[in-house]
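Since this is a predicted model, take the numbers as computed values, not measurements.
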Amino acid sequence: MDQVPGSPQEPQGASGLPGCYRHPDRETGISCTRCERPICPECMISASVGFQCPECVREGSGTGHAPAANQPRTVAGGALTADPRLVTKILVGLNVALFLVQQAVGERFTAQYYMLGQALVPELGSFEGVSEGQWYRLVTAMFLHSGLMHIAFNMLSLWWIGGPLEAALGRVRFIALYLVSGIAGSALTYLLAAQNQPSLGASGAVFGLFGATAILMRRLNYDMRPVLALLAINLLITAFWPSIAWQAHVGGLAGGLVVGYAMVHAPRERRSLVQFGSCALVLLAAVVMVVVRTGQLT
């Protein structure tokens, strides 16, 4: 039977799921609660019941709400933007730019900013580390890398998983998730790793994105096997590769799971409070770990 023009039905993909009406190559199991057209995470806008497509939101609910009430929102309540990958691009660019600075300036620059508990650093000729009051290392270490393969792997992972997640959460929530996950990874490294063991890299933050992506896919009833398989592979590499700071990966993953769950499951009426409250909770846990370890080393 021929499809009636304007019908919400769409051609189905190989998996049997329809393609998004705006992005036919993206299969989805979610449809607009008003027009029933299939919508992907980038297009779906949270409504009082289910999700709506951008066209239905622009048409308005007819309830007399203020215009701002009908502004398009992501599944997590963030504002839709013209470039849903902008923050991901900036993060990749920042990491690459700092890697080039590392190569140009040398080990002295890297030694000033990588993650370190407490040790005599030959390049600087003094005792350095978080326990010496250099708390900034918890953040700066997230943007440094030890070699070409290290940054290539992390940036490919960030690009592959960061763009879709940013589109689903919105820019502000994505930035919060990235930074909180990275800091959680640095804090656990500080707490558990040897005090003279330096570590660096975006892996903690990237693992946080993995965790949040798994939560989001579960929330949308997507097939979780690809992301779980990729996460399992990364955890195996973490476990059996001696030079990797597994503490950063585990800490980042735990932070990403907590914040990611709050981002996509927060009740609409208290959404911002729950979402950013979860970020504050993870940061508080990080502060506690840092204070405890500092007490042990001083």
Between CZ on residue Phe207 and CD1 on residue Ile161, distance to nearest 0.5 Å: 10.0 Å
Assess the residue pair Met263 and Arg271 against the criterion (side-chain contact (heavy atoms from CB on, under 4.5 Å)); give the C-alpha distance rounded to whole Å, side-chain angles, the decisive distance to 0.1 Å, and a yes or no. CA-CA 8 Å; Met263 290 292 183; Arg271 178 180 283 157; over 6 Å; no
Find the distance between OG (Ser278) and CG (Leu257) and round it off to the nearest 0.5 Å. 12.0 Å
Under a single-linkage definition using a 4.5 Å side-chain heavy-atom cutoff for Ile, Leu, Val, Met, Phe, Trp and Tyr, are Val258 and Val180 assigned to the same hydrophobic cluster? yes
Backbone N/O of Trp159 and side chain of Arg85: donor-acceptor pair under 3.5 Å: yes
Could you walk me through whether Phe109 and Leu144 pass side-chain contact (heavy atoms from CB on, under 4.5 Å), step by step? CA-CA 10 Å; Phe109 174 82; Leu144 304 176; 4.1 Å; yes
Closest heavy-atom pair and its distance - Val206, Leu158: CG2-CB, 4.3 Å
Between Val87 and Val172, is any pair of side-chain heavy atoms under 4.5 Å apart? no
Once rounded to the nearest 0.5 Å, what's the spacing between atom OG1 of Thr88 and atom CG of Leu209? 8.0 Å
Atom CG in Leu165, atom OG1 in Thr213: separation rounded to 0.5 Å? 4.0 Å
Same cluster or not: are Val92 and Leu177 linked, directly or through other Ile, Leu, Val, Met, Phe, Trp or Tyr residues, by side-chain heavy atoms under 4.5 angstrom apart? yes
If we only count heavy atoms from C-beta on, is the Pro54 to Cys43 side-chain gap below 4.5 Å? yes
So which of Gln197, Met289, Gln247, Met115 actually passes side-chain contact (heavy atoms from CB on, under 4.5 Å) with Tyr190? Met115
Where Ala262 and Gln275 come nearest, the two heavy atoms and their spacing: O-CG, 3.5 Å
Can you say whether the rings of Phe174 and Tyr178 are parallel (under 30°), tilted (30 to 60°) or perpendicular (over 60°)? tilted
Can you confirm whether or not the ring centre of His145 sits under 6.0 Å from the ring centre of Phe99? no
With no hydrogens and no angle check, is any side-chain donor or acceptor of Gln102 less than 3.5 Å from a backbone partner on Thr110? no
Is there side-chain contact between Asn154 and Asn95, with at least one heavy-atom pair below 4.5 Å? no
Transitively linked via ILVMFWY side-chain contacts under 4.5 Å: Ile175 with Leu98? yes
If you group Ile, Leu, Val, Met, Phe, Trp and Tyr by side-chain heavy-atom gaps below 4.5 Å, do Val287 and Phe276 land in one group? no
For Thr28 and Tyr222, run side-chain contact (heavy atoms from CB on, under 4.5 Å): C-alpha distance rounded to whole Å, both residues' side-chain angles, the deciding distance at 0.1 Å, then the answer. CA-CA 8 Å; Thr28 179; Tyr222 280 12; 3.3 Å; yes
Shared ILVMFWY cluster between Val121 and Val130, side chains joined below 4.5 angstrom? no
How close do Pro122 and Leu120 get, counting heavy atoms only, and between which atoms? CD-O, 3.4 Å
Can a donor-acceptor pair be found, under 3.5 Å and without considering hydrogens, that links the side chain of Thr189 to the backbone of Ala248? yes
Does the side chain of Trp135 come within less than 4.5 Å of Val139's, by heavy atoms? no
Please confirm whether the backbone N or O of Cys20 pairs with a side-chain atom of Arg26, one donor and one acceptor, at under 3.5 Å? no
Look at atom OH of Tyr261 and say whether more than 12 heavy atoms of other residues, nucleotides or ligands are closer to it than 6.0 Å. no
For Ser181 and Ala205, indicate whether the former's side chain and the latter's backbone hold a donor-acceptor pair under 3.5 Å. no
Check whether Gln134 reaches the backbone of Gly129 with its side chain - one donor and one acceptor, N or O, closer than 3.5 Å. yes
Given Tyr136 and Tyr113, is the side-chain contact (heavy atoms from CB on, under 4.5 Å) satisfied, shown in steps? CA-CA 8 Å; Tyr136 59 83; Tyr113 300 108; 3.8 Å; yes
Pro84 and Glu42 have their tightest heavy-atom pair at CG-OE2, 3.9 Å
May I ask you to decide if Tyr114's main-chain N or O and Arg137's side chain share a donor-acceptor pair within less than 3.5 Å? yes
Shortest non-hydrogen contact from Val259 to Cys279? CG1-SG, 3.8 Å
Just wondering, more than 12 heavy atoms not from Arg218 lying within 6.0 Å of its CZ? no
What closest approach, in Å, do Val282 and Gly255 show between heavy atoms, and which atom pair accounts for it? CG1-CA, 4.2 Å
Just verifying a value: how many Å separate Cys53 SG and Arg37 CZ, rounded to the nearest 0.5 Å? 4.5 Å
Ser126 and Glu128, any side-chain heavy atoms less than 4.5 Å apart: yes
Does the side chain of Ile45 reach to within under 4.5 Å of the side chain of Phe51, using non-hydrogen atoms? no
Got His265 and Val274 here, is their nearest side-chain heavy-atom distance under 4.5 Å? no
Check: Gln118/Ser131 side-chain N/O donor and acceptor closer than 3.5 Å: yes
If I take atom NE2 from residue His23 and atom CD1 from residue Ile39, how far apart are they, to the nearest 0.5 angstrom? 12.0 Å
Is Pro38 close to Ile30 at the side-chain level, that is, under 4.5 Å between some pair of heavy atoms? no
Within the distance-only criterion (no hydrogens, no angle test), does the side chain of His150 pair as donor or acceptor with the backbone N or O of Ser146 below 3.5 angstrom? yes
